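The structure appears below as structure tokens.
All values derive from a computational prediction rather than experimental measurement.
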Amino acid sequence: MKRFLLAVLLVMATIMPVRAQYDRDVFYFRGRSALADGKYAAAIEQFNILTRLDTTDYWSFFFRGIAKYNLGDIRGAQTDFDNSVRLNPVFTNGYHYRAITLSRAGHYEEAFKDFDRAIELRPGYDGVYFSRGVTFFLAQQFDKAIADFDHYIRKEPRDPSAYLNRGASYLFLGDTLKAINDYNRAIKIDRFEPESYIRRGRLYAEQKKYDEAIADMDMAIDIDRYNTLAYFNRALMYYEKHDYNAAMADLNRVLEDEPGNALTLYNRSLINAQVGNYEEALADMDRVININPNNVLAYFNRASFFIEMEKWQDALEDYDRAIELYPDFAKAYMNRSYVNNMLGRTRASKADYDTAQAKIREYRARNASGASFADTTQKYSSLLALDAEFAKKDFDNELLQHRDIDIRLRPLYRFALKSEKDNVYALQNRYEHSLVDRFIGDSPVPVTVSNSDSLLRRPLLVDVAASSESVSEARRRFLMGMENVHNRQFSAALTDFDAAVKEAEADGDRYGKYYKAFYLMNRGVLRAEMIDFIASISSNVQTLTMDDAGTTRARVSDQVDRTYDYSEAIEDLESAIQEVPDVPYLYFNLGNLNCLSSQLVNSIENYTRAIELYPMMGDAYFNRGLVQIYLKDKEKGCIDLSRAGELGVGDAYSVISKYCEDD
């Protein structure tokens, strides 16, 4: 799908209207080149400039929307596509891509309206039929999907992706012959596309033609030896042939590249249990539950492992949790009845047995597939596979994929030494403040305001001690403190910053009172960082993290929550704000420390104040977005993350893809 979007994008790039101004042409060229190279964050930077140069240029918003879409920022993309069609109500591409974005967000009816509008404007624009076919498929209107793919294939008979999608639609309608024919056609057109072999191999597996299925997975792996989906599917096929060693080898191969893939861990756990390796089975199932604490089958199967190990109390707790998650799970009641009996709890055992029987009777009376967990004929210890119903979110067959992501607050800002002057470009989003600029300009050595650790890793090319001889004592001690921070001599740096603060108002400089605020800022940042550094000595580094459910907390690496005292650092920043109340870095830093001190409402207020003072401060949007997601205000949080990504915070898009795509 993305390949198709990019192809259309490149075609459109050739028909762009000629821009009159050379500089704008340069930005367009850079932006379109970055899009073509898949450098979407770089593309956004170029189109940001263009949207500021001309707020009526719908192409700039459109291209920026494309970049955001490819980075997973669905909200941001839709906003840009909205602007493109607002500025040009007959802009076919804007309606087309807004429809794709609406479809991705699950708003199918709105998407169909935009597709219809695009077709009305350009009836010969065949790509719209492809995209609408995908949306019909996702909306489970498979007949209509096939009709659109038919139309597209008549115009573009050499596009293998259309045959793959039409084949999947036939498969949902139960026509396996037409599905296999379409998969064969896709392979004939492009023999070097692994997905075609994977699709056909899975269909062979459903027909229990395991040798043919494995041969297709072998082909996919020969083409792309890093294709974890092919290894995963081949593992299931080996399992069906009772070749457990081969199945285990393929699952291990998947986990080499995707160590947090919960579905693979789940299946490996079941195989280990079946061959009697209960300790390893438990370890894998523990990880599955850590990744997805609401997976009822994980608790159900882990309880069965505990039974085999005669750990009755552990088994009881897991059955309790499974029943809590799904109260109609008859087999869980039945098994808990057995565990209660083994623990000598005969009354509880009988109650569970009676409950199980009642739920089974209810299920049989309704004969409803929606109550499948009450069906005692179903085997819940089977491996989970990627079945054909991947467009639906089925409760017990949902694909669980997870890659561990450490989500951290963007770090604190401080004044730091640098080895050379920054290059300043026109239209760069550099913050300007007369007092900050004067403070930097008065420095005898190069200084900047930054929250990048890279500055502390570069070698210094100046002699700070010699260069600072002609300045005031406060400034001299401040420069020495920055040098000591650079060299990670924290205690010495703190002594220097203490001296700088003390000397600030006595140095005879009429700006000394205001410069004191900057000395306080650096001292506050250093005090906060010293807390983390001291904690790291015992491997307890505190960071703001999110778990898989979107819960944010101050976590330490040994999983023990601790509270750290940032009061001195906060006091320094608040004192600095009293002296200089209009510097956004101070509010940003205070927001971070409020957050780490669990003062989340205060942190949002301070990030907001930083943004008011410096609307282009992407880091403040990023951190405020994280806190808002934690406070369950996901809509606002994701909007902030989108803005952060737009302003150049690349980390925003990994968070968006994890927490914002499903809305």
Side-chain angles (χ1 to χ4, degrees), residues 1-12 35-36 38 66 69-70 96-97 99-100 103-104 115 124-207 209 212-234 237 386-391:
M1 182 64 181
K2 284 188 178 180
R3 181 173 57 189
F4 170 76
L5 296 180
L6 184 57
V8 175
L9 175 63
L10 293 176
V11 171
M12 289 188 295
L35 279 177
I66 293 286
Y69 178 90
N70 281 281
H96 180 191
Y97 281 79
I100 292 171
S103 171
R104 177 81 174 271
F115 283 130
Y125 185 15
D126 300 316
V128 178
Y129 290 94
F130 182 101
S131 299
R132 191 174 68 176
V134 171
T135 302
F136 277 130
F137 177 86
L138 294 174
Q140 300 184 44
Q141 300 180 38
F142 303 114
D143 288 325
K144 292 180 179 179
I146 289 170
D148 272 351
F149 291 130
D150 285 345
H151 179 99
Y152 179 78
I153 287 170
R154 284 195 296 271
K155 301 294 184 179
E156 299 287 344
R158 301 294 298 171
D159 186 348
S161 59
Y163 292 98
L164 290 177
N165 287 347
R166 189 174 69 176
S169 301
Y170 281 130
L171 192 58
F172 267 91
L173 293 175
D175 194 336
T176 56
L177 181 60
K178 287 185 178 178
I180 204 81
N181 286 339
D182 271 351
Y183 294 157
N184 289 337
R185 185 62 183 274
I187 290 171
K188 185 176 181 180
I189 293 171
D190 184 358
R191 295 181 178 278
F192 299 100
E193 172 53 60
E195 185 178 353
S196 302
Y197 294 99
I198 293 172
R199 295 274 191 100
R200 189 176 70 177
R202 284 169 51 184
L203 182 49
Y204 281 143
E206 289 179 13
Q207 298 172 339
K209 299 177 180 178
E212 291 94 327
I214 290 172
D216 271 349
M217 295 304 155
D218 290 343
M219 282 295 299
I221 290 168
D222 285 342
I223 295 168
D224 178 8
R225 63 190 181 92
Y226 297 104
N227 193 311
T228 54
L229 188 58
Y231 287 106
F232 176 84
N233 279 284
R234 192 172 68 177
M237 296 160 190
L386 296 169
D387 62 16
E389 299 184 356
F390 58 87

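In this structure, Y152 has its ring center closer than 6.0 angstrom to the ring center of F130. Ring to ring, F137 and F142 are close: their centroids are under 6.0 angstrom apart.
Checking side-chain atoms of Q207 against main-chain N and O of K209 turns up no donor-acceptor pair under 3.5 Å. With hydrogens and angles ignored, the 3.5 Å screen pairs a side-chain donor or acceptor of R199 with a backbone N or O of L164. Side-chain N or O atoms of Y197 include none that pairs as donor or acceptor with a backbone N or O of F192 at under 3.5 Å. When atom types are taken as modelled, the side chain of N70 and the backbone of I66 share a donor-acceptor pair closer than 3.5 angstrom.
Taking 4.0 Å as the cut-off between side-chain N and carboxylate O, R202 and E206 do not count as a salt-bridged pair.
Atom CD1 of I221 is separated from atom CG of L229 by 10.0 Å, given to the nearest 0.5 angstrom. Here the straight-line distance linking atom OH of Y170 with atom CG of L177 works out to 10.5 Å at 0.5 Å rounding. Rounded to the nearest 0.5 Å, atoms CD1 (I189) and CG (N184) are 11.0 Å apart. Atom OH of Y183 sits about 6.5 Å away from atom CG of L203, to the nearest 0.5 Å. Rounded to the nearest 0.5 angstrom, R104 CZ and Y69 OH are separated by 4.5 Å. Taking CZ of F172 as the start and CD of Q141 as the end, the distance is 13.5 Å to the nearest 0.5 Å.
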Check the pair Y204, I180 against side chain to side chain contact (heavy atoms under 4.5 Å, CB included), reporting the backbone distance first and the verdict last. CA-CA 9 Å; Y204 281 143; I180 204 81; 4.0 Å; yes
Pair E195, D224 - check side chain to side chain contact (heavy atoms under 4.5 Å, CB included), show working. CA-CA 10 Å; E195 185 178 353; D224 178 8; over 6 Å; no
